[in-house]
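For reference, the structure is listed below as structure tokens.
Letters A, B, ... are given to chains in the order of the sequence lines, protein chains preceding strands, and every chain is numbered from 1.
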Amino acid sequence: EAQVTQNPRYLITVTGKKLTVTCSQNMNHEYMSWYRQDPGLGLRQIYYSMNVEVTDKGDVPEGYKVSRKEKRNFPLILESPSPNQTSLYFCASSLSLRGRRETQYFGPGTRLLVL
Amino acid sequence: DAKTTQPPSMDCAEGRAANLPCNHSTISGNEYVYWYRQIHSQGPQYIIHGLKNNETNEMASLIITEDRKSSTLILPHATLRDTAVYYCIVRSTMDSNYQLIWGAGTKLIIKP
């Protein structure tokens, strides 16, 4: 089954404790992206990757890191989480950036609480 | 800022057609109209997209006005499982970053 998976789905942590949220897709998609969703603010893009070893900042990259060493994986790293990073996080992937193949597929979400 | 305007909420009776409007009066010639939906904090789900012609797939129909300043998403026979927030988004295929600008969407409630 074609899908985007995220782990963990729920996470409670404390300020300053490094964490990684994994994202994996099995569709051989080139493009992957991370969003966060907060009440009243909609989905905002954190980072995106157009292919292996190619990443770039989205609208709200502060406090986050990403890497794209393999095509299928795009982990989101919080080196020193803070309470303002409490949010619902979504990973998404897309086959390409052109034409009808550019629709994005989203993971199930990771709900993060930073105390 | 989102380039679209949608009503914050709508109701529809189960089994009837749900018609969700979207205003995108500043849309440019190379911008597509996309519709996604999000069911109760799950990951958003793609529904349909189009440029200027009407589109139909197994989920919905998309009607775009001739001047492209507005569109309507039609769910032909709404079910309770169609209760969700529906997002109308415009995006240029010329963007170097595949970024969707998400607005607040329309919360559609299907009533039995």
B:Ser41 side chain near A:Arg111 side chain, heavy-atom distance below 4.5 Å:
yes

Are A:Trp34 and A:Leu19 joined in one hydrophobic group, where the rule is that I, L, V, M, F, W and Y side chains link up if heavy atoms are under 4.5 Å apart?
yes

Where do A:Leu43 and B:Tyr87 come nearest, in terms of heavy atoms and distance?
CD1-OH, 4.5 Å

Bottom line for A:Gln37: the part with an atom under 4.5 Å from chain B's heavy atoms is side chain

Going from CD on B:Gln38 to CG on A:Leu88, what distance comes out if it is rounded to the nearest 0.5 angstrom?
7.0 Å

Does B:Tyr36 reach the side chain of A:Phe106, with side-chain heavy atoms less than 4.5 Å apart?
yes

Are any of the side-chain heavy atoms of A:Gln104 and B:Tyr34 separated by less than 4.5 Å?
no

Same cluster (ILVMFWY, side-chain, under 4.5 Å), B:Leu20 and B:Val85:
no

A:Ile12, CD1: over 12 other non-hydrogen atoms inside 6.0 angstrom:
no

Hydrophobic cluster membership, B:Val90 vs B:Leu62, 4.5 Å side-chain cutoff
yes

If hydrophobic clusters are built by linking Ile, Leu, Val, Met, Phe, Trp and Tyr wherever their side-chain heavy atoms come under 4.5 Å apart, do A:Val66 and A:Val60 end up in the same one?
yes

A:Val21, A:Tyr10: one ILVMFWY side-chain cluster at the under-4.5 Å cut-off?
no

Closest non-hydrogen atom pair, B:Tyr46 against A:Thr103:
CE1-CG2, 3.1 Å

